[in-house]
Q: 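Pasting a structure below so you can have a look.
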Amino acid sequence: MAARIFAFANQKGGVGKTTTAVNLGAYLANAGRSVLLVDNDPQGNATTCLGIDPRGLQVSLYDVLINRTPIQDAIALTDRVGLDVAPASVDLAGAEVEMAGLLAREQLLSRALAAVTHKYDYILIDDPPSLGLLTINGLTAASHGVIIPVQCEYLALEGLSLLLDTLRQVREVLNARLHVAGVVLTMYDGRTNLSQQVVAEVQAHFPNEIFQTIVPRNVRLSEAPSYGQTILSYAPASAGALAYQALAAEFLQRMEARQ
């Protein structure tokens, strides 16, 4: 069976998008699923979170998108069995300019992934915090939908209408299957009224898409990337780890019920 492919997108930065993609991937792998994490963000944060130095890469997602290098040549193993990564290098920053002149430029990632969909249960695409060509490629490839992380902070929903409008356009022209597969609330602080208000607001906007698991603001979660580790490896007993473990269980229950 072909992999289920999800894009992680929010054009607002700092919402826990990469943290969610990386740690959800780790817990899916821990649950026995084979997972490919595609780092589609020039910042390369997902790559470094998994202990890989973007500066030392011989082949990266840039080569796959621009030079048509087979994605199999770019995929690297991580220290988590079952979790592989298609890493990003700094070269990816210039990819959008180079992609602009290519034929079917919105479908470069989709076509590249077609060669490995039979090898994985899940492919998770970590898109940049923008709505440029890289993100459009991620959304076009996302055959099973987009996961939107939303932080429990002031103006959390501001700008989401722009993302939803982009999703609509991609669905109409490039990927008829594109839909919001889930909304993840991140950086929750139960001590503040604001966090509780944001939860209520997001529940009102996305009553069917929102995950019940809410990821708390957690020091261990913010520390783990600097050690090149997922939260599962770095601090498996932390509140952040328990949240992503629960999110993975809820994710699997929701997505695999749709078989």
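Note that the coordinates shown come from a computational prediction; the quantities given were computed from them, not determined experimentally.
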Q: At what distance, to the nearest 0.5 angstrom, does CG of L124 lie from CG of D126?
A: 9.5 Å

Q: Is a side-chain donor or acceptor of Q196 paired with a backbone partner of G190 at a separation under 3.5 angstrom?
A: yes

Q: List the steps and the verdict of side chain to side chain contact (heavy atoms under 4.5 Å, CB included) for V199 and I214.
A: CA-CA 9 Å; V199 171; I214 298 175; 4.0 Å; yes

Q: Less than 4.5 Å apart, any side-chain heavy atom of D73 and any of D63?
A: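 A side-chain contact under 4.5 Å is absent here.
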
Q: Looking at side-chain heavy atoms only, is the closest gap between L24 and V35 below 4.5 Å?
A: no

Q: Filter on salt bridge (charged side-chain N to carboxylate O under 4.0 Å, His left out), then keep only pairs touching residues 156-185, sequence neighbours left out; what's left?
A: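 Applying salt bridge (charged side-chain N to carboxylate O under 4.0 Å, His left out) to every pair that reaches into residues 156-185, excluding sequence neighbours, yields D165-R168, R168-E172.
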
Q: Between Q11 and G159 (side chain of the first, backbone of the second, donor and acceptor by atom type, cut-off under 3.5 Å), is there such a pair?
A: yes

Q: N40 and T135: which non-hydrogen atoms are nearest, and at how many Å?
A: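 For N40 and T135, the tightest heavy-atom pair comes out as ND2-N, 4.2 Å.
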
Q: Side-chain heavy atoms under 4.5 angstrom apart, residues restricted to Ile, Leu, Val, Met, Phe, Trp, Tyr: same cluster for V198 and L157?
A: yes

Q: Decide yes or no for L65 and L92: does some side-chain heavy atom of the first lie under 4.5 Å from some side-chain heavy atom of the second?
A: yes

Q: Is the shortest side-chain heavy-atom distance between S60 and P54 below 4.5 Å?
A: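 A side-chain contact under 4.5 Å is absent here.
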
Q: Measure the spacing between CG of L232 and CG of N23 and express it to the nearest 0.5 Å.
A: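 The CG atom of L232 sits 8.0 Å away from the CG atom of N23.
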
Q: Are V180 and V15 connected in the hydrophobic side-chain network, where two residues link if heavy atoms are under 4.5 Å apart?
A: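 Cluster IDs for V180 and V15 differ.
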
Q: Roughly how far apart are S130 OG and D41 CG, rounded to 0.5 Å?
A: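 Taking OG in S130 and CG in D41, the distance rounds to 7.5 Å.
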
Q: Does the side chain of N10 reach to within under 4.5 Å of the side chain of L160, using non-hydrogen atoms?
A: yes

Q: Evaluate the side chain to side chain contact (heavy atoms under 4.5 Å, CB included) criterion for residues L37 and T78: first the C-alpha distance (whole Å), next the side-chain angles of each, then the deciding distance (0.1 Å), finally the verdict.
A: CA-CA 10 Å; L37 180 67; T78 72; over 6 Å; no

Q: Are L252 and I5 co-members of a hydrophobic cluster defined by side-chain heavy atoms under 4.5 Å apart?
A: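 Result: no, two separate clusters.
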
Q: Distance only, no hydrogens: is a donor on one side chain within 3.5 Å (strictly under) of an acceptor on the other, for E106 and T140?
A: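 No - no donor-acceptor pair under 3.5 Å links their side chains.
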
Q: Under 4.0 Å between a Lys/Arg side-chain N and an Asp/Glu carboxylate O for R33 and E256?
A: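 Salt bridge present between R33 and E256.
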
Q: Same hydrophobic cluster for F206 and L155, using side-chain heavy-atom links shorter than 4.5 Å among ILVMFWY?
A: yes

Q: Please report the closest heavy-atom contact between A243 and T213, naming both atoms and the distance.
A: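 Looks like O-CG2, 3.2 Å.
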
Q: Compare every heavy atom of Y120 with every heavy atom of L36, then report the nearest pair and how far apart it is.
A: N-CD2, 3.6 Å

Q: List in chain and number order the residues that pass side-chain contact (heavy atoms from CB on, under 4.5 Å) with A9, two or more places apart in sequence or in another chain; answer none if no residue qualifies.
A: D127, L139, V146, L163

Q: Are Y27 and F8 co-members of a hydrophobic cluster defined by side-chain heavy atoms under 4.5 Å apart?
A: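 Yes, same cluster.
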
Q: Is any side-chain heavy atom of C152 closer than 4.5 Å to one of D189?
A: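 No; the side chains remain at least 4.5 Å from each other.
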
Q: Could you walk me through whether D121 and S34 pass the side chain to side chain donor-acceptor pair (under 3.5 Å) check?
A: CA-CA 5 Å; D121 296 313; S34 54; 3.2 Å; yes

Q: Is L134 close to M99 at the side-chain level, that is, under 4.5 Å between some pair of heavy atoms?
A: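 Of all side-chain heavy-atom pairs linking L134 with M99, at least one is under 4.5 Å.
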
Q: Please step through side chain to side chain contact (heavy atoms under 4.5 Å, CB included) for the pair Y244 and N218, ending with a clear verdict.
A: CA-CA 12 Å; Y244 278 111; N218 181 248; over 6 Å; no

Q: To the nearest 0.5 angstrom, please state how far the OH atom of Y234 sits from the SG atom of C49.
A: 12.5 Å

Q: Taking R254 for the side chain and E209 for the main chain, is one N or O donor matched with an acceptor at less than 3.5 Å?
A: yes

Q: Over 60° means perpendicular and under 30° means parallel, so classify the ring planes of F6 and H144, tilted if in between.
A: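 Tilted.
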
Q: Do you know which two heavy atoms are closest between A235 and A241, and how far apart they sit?
A: O-CB, 3.2 Å

Q: To the nearest 0.5 Å, what is the distance between CG on L174 and OG on S110?
A: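 One gets 9.5 Å once the value is rounded to the nearest 0.5 Å.
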
Q: Restricting to non-hydrogen atoms, name the atom on P87 and the atom on T47 that form the minimum distance, rounded to 0.1 Å.
A: CA-OG1, 3.4 Å

Q: To check you understand the geometry: which heavy-atom pair defines the closest contact between L133 and E96, and what is its length?
A: N-OE2, 3.0 Å

Q: Does any part of the side chain of V184, heavy atoms only, come nearer than 4.5 Å to the side chain of I147, both counted from C-beta?
A: yes

Q: Between the side chains of T18 and N45, does any donor sit under 3.5 Å from an acceptor?
A: no

Q: For the atom pair CD (E153) and OG1 (T192), what is the distance rounded to the nearest 0.5 Å?
A: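 Nearest 0.5 Å value for the CD-OG1 distance: 9.0 Å.
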
Q: Checking S238 against I231 for the side chain to side chain contact (heavy atoms under 4.5 Å, CB included) test, could you report, in this order, the C-alpha distance in whole Å, the side-chain angles of both residues, the deciding distance, and whether it holds?
A: CA-CA 8 Å; S238 65; I231 194 64; 3.6 Å; yes

